[in-house]
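All ligand and atom numbering here is 1-based and tracks the order in the structure.
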Amino acid sequence: MQTVAKIFVISGPSGSGKSTLLKRLFAEYPDTFGFSVSHTTRKPRPGEENGKDYHFVLKEHMEEQVAAGKFIESATFSGNMYGTSIKAVEDVVESGKVCMLDIDMQGVKSVKNTQLNPRYIFVRPPTLEVLEQRLRGRGTETEEAVTARLEASQRELEYGDTPGAYDRIVINDDLESAYKSLKSAIFEA
Ligand SMILES: Nc1ncnc2c1ncn2[C@@H]1O[C@H](COP(=O)(O)OP(=O)(O)OP(=O)(O)O)[C@@H](O)[C@H]1O
C-alpha cells in the first residue's frame, strides 16, 4: 500500500496516544515505517550502537550544528543534549522507509521552516479530562509532571485547532477508530 507522503509528523499533547498508535502501526507494517536516529551528547551505554541507537556526538559538535539550523528539535536533559537532525529524517527516506516523526508543537513549527514537506497529523484526546485520566493511568509521571504536561497540553490543543496547522486531526477516543483514522490519513485510498 502506498502512503500519501514520505514523511509524517505525528504531534499532540503528552498522553494523547501517539506512542500507542505508532506502536500498532509499526507492528502491522514492520517494513514500511522507520524512526529517525536521534543525536545525543551522552556516553553510549553497553550494547548501544553508534548510528543505530543514537548518533553519539561531542557537545561542541552538536552545539555548532544546532546553531547552524541543522536540527528540528533539541533539548538538554540532566546535562546531556538530545535532538533530531534534518539529515536523520532524510536518511530514513533514503533507506526506502517512510519516516514517522513524533515531535511536540515547537518541533512542528521548526519542521515548517525546513524543506522536508511532511504530512502533519495531530493526535488529540476527546477531552482534557480524559487526557488527565490517561496521563495518571499511565503511571509514568510524578504529580508535578502531570500538572506541567496538562498545562502544556492546553497550548498544544490550541495550536492543533489553528486552521492550517495540521493536515489531519485524529481524535483518540476509541482506540480502534483512532487507529483507522490514522491509517486513512497515511495511506492512499
Ligand atoms: N484510545 C485510548 N483509550 C484508552 N487509553 C488509551 C487510548 N490511547 C492511549 N491510551 C493510554 O493513554 C496513555 C497515554 O498514551 P501514550 O503513552 O501512547 O501517549 P503519548 O501521546 O505517546 O504520550 P507522550 O507524548 O508523553 O509520549 C497510555 O497509558 C495508553 O495506554
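- Contact annotation: R149 has at least one heavy atom less than 4.0 Å from an atom of ligand 1.
- Listed here is the closest heavy atom pair of F56 and N50: N-OD1, 2.8 Å.
- Distance from atom 19 (O) of ligand 1 to its nearest protein heavy atom, with residue and atom name: G17 N, 3.1 Å.
- Those atoms of ligand 1 with a heavy atom of P13 less than 4.0 angstrom away are 21 (O).
- A heavy-atom separation below 4.0 Å is not found between G137 and ligand 1.
- Relative to atom 14 (C) of ligand 1, the option among G15, S14, S177, G12 with the closest non-hydrogen atom is G15.
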Carefully, step by step, assess K97 and D31 under the rule salt bridge (charged side-chain N to carboxylate O under 4.0 Å, His left out).
CA-CA 7 Å; K97 292 199 170 184; D31 304 322; 5.3 Å; no
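- Here the heavy atom of the protein found nearest to atom 5 (N) of ligand 1 is R134 NE, 3.4 Å.
- For F33 and F8, the ring centers are positioned 6.0 Å apart or more.
- Note on Y120 and V89: same hydrophobic cluster, where clusters join Ile, Leu, Val, Met, Phe, Trp and Tyr whose side-chain heavy atoms are under 4.5 Å apart, directly or indirectly.
- Using a 4.0 angstrom heavy-atom cutoff, S16 counts as in contact with ligand 1.
- Using a 4.5 Å cut-off between side-chain heavy atoms of Ile, Leu, Val, Met, Phe, Trp and Tyr, with links allowed through other members, V4 and I7 fall into different hydrophobic clusters.
- With hydrogens left out, the protein atom closest to atom 25 (O) of ligand 1 is K18 NZ, 2.8 Å, a heavy atom.
- Considering all non-hydrogen atoms of both residues, S14 and L131 come closest at O-CD1, 3.3 Å.
- Annotation: atom 17 (O) of ligand 1 to nearest protein heavy atom, R138 NH1, 2.8 Å.
- Note on ring orientation: taking the six-membered ring where Trp is involved, the planes of Y29 and F187 are tilted (angle from 30° to 60°).
- Scanning the protein for heavy atoms near atom 1 (N) of ligand 1, the closest one is N172 OD1, 2.7 Å.
- Looking at D173 against ligand 1, only its backbone comes within 4.0 Å, counting heavy atoms.
- Using the six-membered ring where Trp is involved, F71 and H39 have ring planes that are perpendicular, over 60° apart on the 30 and 60° scheme.
- The single protein non-hydrogen atom nearest to atom 31 (O) of ligand 1 is T20 OG1, 4.1 Å, given as residue, atom name and distance.
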